[in-house]
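First comes the structure, then the notes that go with it.
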Amino acid sequence: MKKTKSSESSGSRETFLIFIVVACGIMAILSVNLFNHPTSDPSDANVGESTSPDQQRPLPEKAPSVALIDVPLSTGTEPLEKLFVQSGCAVCHTIPGIAPALGREGPRLVLGTNGPLRLADPQYQGTATTVREYVQESILNPGVYVVPGYSDRVMPRWYGKRLNALALDRMAEYLENVKE
Ligand code: HEC
């Protein structure tokens, strides 16, 4: 196939542009990696990443160095359904009355029925004396009692850091009353 002169020259212009964009990208990545400190502008990292201006999303102001693990999951004032969904419980647990909560990684949360059985189980070594306390303990410290048939270490251990007292209280109040 014979190329016309014009397509050849636009081809080489394209190659040149691509080269420039790639080079900028590599330089940006290198400078971010080598000189990464809290004051470096996060927008540097985006050079060469997007090819059209419409694809550019608004850049966040200086990205603070906060790990996801420290971010609260909720304010605690959300409607209950949102509270359970936003906190991730719905992914692993089925909760009667909470429509989106259909998870199967963990036990069905019917603590009004199962709570008293857990407390009466000779294997139970926790400190809870009421179902409400058992629910709170299960969220804050899931390893204290592992429900038979399920594995330990599946439920996250960090809820104590990411749920405030209001969220914890509202969840426990709802869950302790679910009976089947
Ligand atoms: C990644 C999956 C996962 C997530 C997310 C999760 N759990 Fe669990 N949960 C489990 C598993 C597995 C168990 C059973 C093992 C155990 O007892 O630790 C469990 C156990 C429990 C128990 C004890 C249940 C019983 O019948 O005794 C409660 C209460 C509970 N979870 C509440 C919650 C709440 C509330 C949330 C959200 C704030 C949540 N879980 C998030 C997996 C999860």
Side-chain angles (χ1 to χ4, degrees), residues 29 32-33 36-38 40 42-46 49-50 55-180:
I29 290 165
V32 167
N33 281 348
N36 202 3
H37 55 87
S40 71
S43 61
D44 286 351
N46 283 355
E49 236 176 50
S50 60
Q55 287 175 353
Q56 266 179 3
R57 273 175 281 130
L59 293 167
E61 302 229 42
K62 299 255 182 256
S65 57
V66 170
L68 192 60
I69 199 86
D70 297 323
V71 178
L73 292 164
S74 63
T75 62
T77 56
E78 293 87 351
L80 264 176
E81 187 172 299
K82 196 171 175 206
L83 196 54
F84 283 116
V85 171
Q86 209 160 283
S87 306
C89 324
V91 176
C92 291
H93 291 286
T94 297
I95 311 174
I98 307 293
L102 296 169
R104 305 181 68 132
E105 286 299 313
R108 194 175 168 84
L109 296 184
V110 287
L111 279 306
T113 306
N114 288 342
L117 304 178
R118 310 295 186 226
L119 293 171
D121 184 341
Q123 300 296 314
Y124 177 70
Q125 311 259 306
T127 55
T129 55
T130 63
V131 172
R132 169 80 72 107
E133 284 170 6
Y134 170 74
V135 175
Q136 294 183 333
E137 183 182 71
S138 300
I139 299 171
L140 296 176
N141 205 348
V144 167
Y145 175 82
V146 180
V147 177
Y150 292 89
S151 356
D152 193 11
R153 301 250 155 223
V154 173
M155 182 157 161
R157 302 282 163 133
W158 38 247
Y159 277 120
K161 281 175 87 183
R162 300 186 60 191
L163 287 175
N164 65 22
L166 180 62
L168 192 64
D169 222 44
R170 287 184 62 221
M171 287 181 177
E173 186 187 10
Y174 180 81
L175 293 177
E176 74 173 337
N177 289 308
V178 184
K179 290 194 178 142
E180 255 180 6

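Model, not experiment: these values are computed from the prediction. One-based numbering, in listed order, for ligands and for the atoms of each. If you read the sequence from its start, that first residue is 1, and numbering goes on from there.
Val131 approaches Leu119 most closely through the heavy-atom pair N-CD1, 3.9 Å. Minimum interatomic distance between Thr127 and Glu137 (heavy atoms only, all atoms of both residues): N-OE2, 2.9 Å.
Residues Leu163 and Ser74 have side chains in contact (heavy-atom distance under 4.5 Å, counting atoms from C-beta outward). A heavy-atom distance below 4.5 Å is found between the side chains of Pro100 and Glu81. A 4.5 Å side-chain heavy-atom check between Asp121 and Tyr145 finds at least one atom pair inside the cut-off. A heavy-atom distance below 4.5 Å is not found between the side chains of Arg118 and Ser138. Residues Tyr159 and Leu168 are not in side-chain contact: their nearest non-hydrogen atoms beyond the backbone lie 4.5 Å or more apart.
Checking only distances, Asp152 never comes within under 3.5 Å of ligand 1, N or O to N or O. Looking at ligand 1, you won't find any N or O of Asn114 less than 3.5 Å from one of its N or O atoms. On a distance-only criterion, Ser138 and ligand 1 share no N/O pair closer than 3.5 Å. Checked against a 3.5 angstrom limit, the closest N/O atoms of Val147 and ligand 1 fall inside it. Not a single N or O atom of Ser87, backbone or side chain, sits closer than 3.5 Å to an N or O atom of ligand 1.
In terms of protein heavy atoms, atom 42 (C) of ligand 1 is closest to Met155 CB, 3.5 Å. Scanning the protein heavy atoms around atom 18 (O) of ligand 1, the nearest turns out to be Pro142 O, 3.4 Å. Scanning all protein heavy atoms for the shortest distance to atom 26 (O) of ligand 1 gives Arg118 NH2, 2.7 Å. Protein heavy atom in closest approach to atom 35 (C) of ligand 1: Ile139 CD1, 3.5 Å.
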Worked check of side chain to side chain contact (heavy atoms under 4.5 Å, CB included) between Leu73 and Gln86: CA-CA 7 Å; Leu73 292 164; Gln86 209 160 283; 5.7 Å; no

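When the heavy atoms of Ser74, Cys89, Pro107 are ranked by distance to atom 14 (C) of ligand 1, first place goes to Pro107.
Within ligand 1, counting atoms from 1 as listed, the ones closer than 4.0 Å to a heavy atom of Cys92 are 1 (C), 2 (C), 3 (C), 4 (C), 5 (C), 42 (C), 43 (C). Atom numbering of ligand 1 starts at 1 in the shown order; those under 4.0 Å from a heavy atom of Tyr134 are 23 (C), 25 (C), 27 (O). Within the listing of ligand 1, atoms 10 (C), 11 (C), 12 (C) sit less than 4.0 angstrom from a heavy atom of Gly106. Counting the atoms of ligand 1 from 1 in the order shown, those under 4.0 Å from a heavy atom of Glu105 are 12 (C).
Between the side chain of Arg132 and the main chain of Glu176, no donor-acceptor pair closer than 3.5 Å is present.
Only backbone heavy atoms of Ser151 (N, CA, C or O) come within less than 4.0 Å of ligand 1; its side chain stays farther off. Heavy atoms of Tyr145 found under 4.0 angstrom from ligand 1 belong exclusively to the backbone.
Looking at Val85, Leu109, Leu80 one by one, the single match for side chain to side chain contact (heavy atoms under 4.5 Å, CB included) with Ile95 turns out to be Leu109.
Checked against atom 8 (Fe) of ligand 1, the N, O or S atom of His93 at the shortest distance is NE2.
Separation of atoms NE2 (His93) and CD1 (Ile98) is listed at 13.0 Å; rounding is to 0.5 Å.
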